[in-house]
Amino acid sequence: MPVNLLQEIFYRLLANYGPRNWWPGETTFEICAGAILTQNTNWNNVEKAIANLKKADALSLDKIASLKKDELAELIRPTGYYNLKASRLQEFIFFLKQEHQGSFERLFSHPWQQTRVELLNIKGIGPETADSILLYAGNKPSFVVDSYTRRIYSRLGIVTEGISYDELRKYFMDHLPHELYLFNEYHALIVELGKQVCRKSPKCSHCCLSALCPVYIS
DNA sequence: GGCCAGGACACCA
DNA sequence: TGGTGTCATGGC
């Protein structure tokens with residue numbers, strides 16, 4: 001079976017870190033909430049917020065929808081941007097109730113490309129959050145890219161640093177088989193690599209990464 | 001005490 | 001269309 005560069009990197013990451021078994025979350029809604037809460041935020045802080053929601057018995061569509069915005073904001077305070085994210089969570093739930101009777105099954109019952117457009121029309125749901133919801137909550141083969149992906153693959157010389165989200169995502173979608181397991185693990189592995197390697201050398205260039213990165217291919 | 005984290009959006013030229 | 005400011009807590 002021919003293997004291209006992106007697949008080769010995937011296999012090396014998988015061998016190095018093992019399956020990540022994403023997304024951390026017990027329910028579809030918890031995954032969606034996590035996708036919103038983790039925007040530009042460390043996952044440890046998201047875990048604190050989710051724990052707060054669970055402790056308050058508030059991790060449900062109806063409960064969050066019924067909370068006052070400042071009450072919700074207080075529960076998710078550890079994630080930062082708590083006022084914004086409180087609005088975004090409630091916007092998402094409003095959309096789900098309004099357009100799909102509050103049913104994730106209905107939300108994901110259409111062609112996922114159509115669902116992606118719907119999600120992107122929700123205020124506060126950008127491309128990465130939409131793709132995370134599709135992939136990890138909806139089990140749809142929509143590849144997720146993030147700042148780690150751009151940083152790592154531009155330093156490897158595979159893409160340019162200024163590449164847009166859509167261009168970067170298209171590059172992966174064009175060069176990988178559209179397999180759910182592959183997309184699921186690949187993004188999770190990139191995040192793991194991003195956390196463990198690049199953060200130690202945030203200014204590192206291509207050569208620096210090549211020395212540090214265990215998956216570098218010359 | 002500064003930097004960074006699994007972004008998105010409003011605003012402006 | 002692209003660049004910049006804003007939103008904000010917590011770990012290292």
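Just so we're on the same page: letters track the sequence lines, and every chain starts at 1.
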Self-check item: Side-chain donor-acceptor pair present, A:Gln90, A:Ser87, cut-off under 3.5 Å
Solution: no
Practice problem: Mind calculating the distance between NZ (A:Lys69) and P (C:dC7) to the nearest angstrom? | Solution: 16 Å
Quiz item: Could you state the CD-C1' distance from A:Glu47 to C:dG10, rounded to the nearest angstrom?
Solution: 13 Å
Quiz item: How would you label the contact of A:Thr79 with the nucleic acid (heavy atoms, under 4.0 Å): base, sugar-phosphate, or nothing?
Solution: nothing
Quiz item: What's the CG-C1' distance between A:Asn42 and B:dC3, to the nearest Å?
Solution: 13 Å
Quiz item: Of the nucleotides C:dG10, B:dA5, C:dT9, which one has an atom closest to the side chain of A:Tyr82?
Solution: C:dT9
Practice problem: Could you please name the option among C:dG10, B:dC9, C:dA8 that lies closest to any side-chain atom of A:Leu84? | Solution: C:dA8
Exercise. Consider only side-chain N and O atoms of A:His100 and A:Glu118, and report whether a donor and an acceptor are under 3.5 Å apart.
Key: yes
Practice problem: Check each of A:Leu119, A:Thr129, A:Leu107 against A:Leu134 using the side-chain contact (heavy atoms from CB on, under 4.5 Å) test, and report the only one that passes. | Solution: A:Leu119
Quiz item: Which of these nucleotides, C:dG10, B:dG7, B:dA5, is closest to any side-chain atom of A:Gln39?
Solution: B:dG7
Quiz prompt | N or O in side chain of A:Lys85 less than 4.0 angstrom from B:dG7 OP1/OP2 | solution = no
Quiz item: Taking atom types as modelled, is there a side-chain donor on A:Asn16 or A:Tyr11 under 3.5 Å from an acceptor on the other?
Solution: no
Quiz item: To the nearest angstrom, how far is A:Lys195 atom NZ from C:dC12 atom P?
Solution: 12 Å
Exercise. Classify the nucleic acid contact of A:Leu37 as base, sugar-phosphate or nothing, counting any heavy atom under 4.0 Å across all strands shown.
Key: nothing
Self-check item: Polar contact flag, side-chain donor to acceptor under 3.5 angstrom, A:Thr79-A:Asn45
Solution: no
Self-check item: 5′-ward residue of the pair A:Tyr136/A:Lys123 relative to DNA chain B
Solution: A:Tyr136
Quiz item: Taking only side-chain nitrogens and oxygens of A:Asn45, does any of them come within less than 4.0 Å of OP1 or OP2 of B:dA5?
Solution: no
Quiz item: Contact class for A:Ile125 vs. all strands (heavy atom < 4.0 Å): base, sugar-phosphate, or nothing?
Solution: sugar-phosphate
Exercise. Let me know the distance between CD1 of A:Ile36 and C1' of C:dT9, rounded to the nearest Å.
Key: 18 Å
Quiz item: Between B:dC9, B:dA8, B:dA5, which one does the side chain of A:Glu128 approach most closely?
Solution: B:dA8
Self-check item: Minimum-distance nucleotide to A:Lys48 side chain [options: C:dT9, B:dA8, C:dG10]
Solution: C:dG10
Quiz item: So what does A:Gly126 touch, heavy atoms closer than 4.0 Å: a base, only the sugar-phosphate, or nothing?
Solution: sugar-phosphate
Practice problem: Check the distance between B:dA5's C1' and A:Trp43's CH2 and give it to me in whole angstrom. | Solution: 13 Å
Quiz item: So, is A:Arg77 near the phosphate of C:dC7, with a side-chain N or O under 4.0 Å from OP1 or OP2?
Solution: no
Self-check item: Distance below 4.0 Å between A:Ser147 side-chain N/O and B:dA5 OP1 or OP2
Solution: no
Practice problem: Starting at atom CG of A:Asp131, determine the distance to atom P of B:dG7, rounded to an integer number of angstrom. | Solution: 13 Å
Self-check item: Trace of the ring pair (Phe, Tyr, Trp, His ring centres under 6.0 Å) decision for A:Phe183 with A:His178
Solution: CA-CA 7 Å; A:Phe183 282 13; A:His178 292 193; 5.6 Å; yes
Quiz item: Counting side-chain heavy atoms from C-beta on, which of B:dG7, B:dA5, C:dG10 comes nearest to A:Pro78?
Solution: C:dG10
Exercise. Take the protein atom CG of A:Leu120 and the nucleotide atom C1' of B:dC9, then report the distance between them rounded to whole Å.
Key: 13 Å
